[in-house]
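Accompanying notes for the structure given below.
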2 protein chains.
Amino acid sequence: MNYSIGEVAKKLNFKIHTLRYYDREGLIPSVERTANGTRVFKESDIELLKFIQCLKNSGMAIKDIKNFIEWSSEGDSTLQQRYDLFQKQKIAVEKQIEELQEALNVIEHKSNYYKAALDAGTEDAQGKKKIGTSVLD
Amino acid sequence: MNYSIGEVAKKLNFKIHTLRYYDREGLIPSVERTANGTRVFKESDIELLKFIQCLKNSGMAIKDIKNFIEWSSEGDSTLQQRYDLFQKQKIAVEKQIEELQEALNVIEHKSNYYKAALDAGTEDAQGKKKIGTSVLD
DNA sequence: ACTTGCCCTAAAGTTAACTTCATGAAGTAA
DNA sequence: TTACTTCATGAAGTTAACTTTAGGGCAAGT
């Protein structure tokens, strides 16, 4: 089954512009063209785009994704690079998750604090000791 | 205890420029100045900066942090805004963590795949069915 | 006096990842 | 045929969050 750029955009919730941008940047070299230049996306291109979406969610930069795509087309000689890339990204993501967990604790605390303040009608009931320190309670 | 901008930068691992930028953007209005304009950071400013660092880690935008700081100085009339901000951020962070977890699974799979390929000396031993599909294995 | 090392500002520059703009061609529906 | 939709390109514009540049002040050490 083949798809037009518009169909892919709708299906994967990308903007058409973004898909063309990714194409320009070399992220989807497998996408083919009709005689008059219209892009034709195959099922495997959809899968690739889902994977790209996942890597983007992990915070991987476009240029790293591009490198990976290039390495993939170069065969076994780039296995080490590809391994290193994903090892590095794995560690980066683990660190990110840790930081987000910490931040989440603080944010939940603040959220609860303001919920209680709202119920009380004022912040002054929340164990606030001095005027002007509320930012950090 | 008071600190100069350089001391704060070293202590919290910010660049001096970034601290001045945050000041310009209204994130640390409580920082005072000496007669000739040099910034003087108090202990409470350090704590505020740590909190800002945490919010930044959570992906909160500078302008949202600035809003929060402003609201904090306006008293009980902005309790709802502050509550909404942290509720919204809480949900955003939870979503981020979820996406990162998903991405982490995929990335770990890739990392293991390439580890095995490296050990085998070639990608072709990894159950790869057809040439050219390696990107998605 | 002079050099070093801290501090200051305003403004311009950078980077990533889009996004918009100006323009035009091909295909379809009435 | 005219109108509409979808496709295309290259190039310029946008946004956030810094970062760098260019200028200069003050205080301590030699």
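Naming: A, B, ... by sequence-line order, numbering from 1 per chain. Only this structure's heavy atoms are used, side chains among them; waters, hydrogens and symmetry mates stay out.
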Between C:dA17 (P) and A:N57 (CG): distance, integer Å: 13 Å

Given C:dC18, D:dA8, C:dC8, identify the nucleotide with an atom nearest to the side chain of B:I5. C:dC8

Taking any heavy-atom pair under 4.0 Å as a contact, classify B:T34: base, sugar-phosphate, or nothing. nothing

A:H17 NE2 to D:dT9 P, straight-line distance once rounded to whole Å: 12 Å

Residue-phosphate contact under 4.0 Å: A:S4 side-chain N/O, D:dT6 OP1/OP2: no

Between A:R24 and A:N36, whichever has its closest DNA chain D nucleotide further toward 5' is A:N36

Tell me whether the guanidinium CZ or amine NZ of A:K110 lies under 6.0 angstrom from the six-membered ring centre of B:F51 and within 45° of its axis. yes

Assign the ring pair A:F14 / A:Y22 to parallel, tilted or perpendicular, where the plane angle (0 to 90°) is split at 30° and 60°. perpendicular

How many Å lie between CD1 on A:I16 and C1' on D:dA8, as a whole number? 11 Å

B:K56 side chain N/O closer than 4.0 Å to the phosphate oxygens (OP1, OP2) of D:dC18? yes

So, OP1 or OP2 of C:dT9: does either fall under 4.0 Å of a side-chain N or O from B:R39? yes

So, B:D84 and B:Q80: side-chain donor and acceptor under 3.5 Å apart, yes or no? yes

Earlier contact from the 5' end, DNA chain C, for B:R20 and A:G59: B:R20

C:dT19 phosphate, OP1 or OP2, under 4.0 Å from A:T18 side-chain N/O: yes

Separation of A:K66 atom NZ from C:dA17 atom P, in whole Å? 12 Å

Grab the CG-C1' distance between A:L27 and C:dA17 for me, whole Å please. 11 Å

In whole Å, I'd like the distance from the CG atom of B:L19 to the P atom of C:dC7. 10 Å

As a quick check of understanding, evaluate salt bridge (Lys or Arg N to Asp or Glu O under 4.0 Å) for B:D45 and B:K42, giving each step before the final call. CA-CA 5 Å; B:D45 296 318; B:K42 299 175 295 301; 3.1 Å; yes

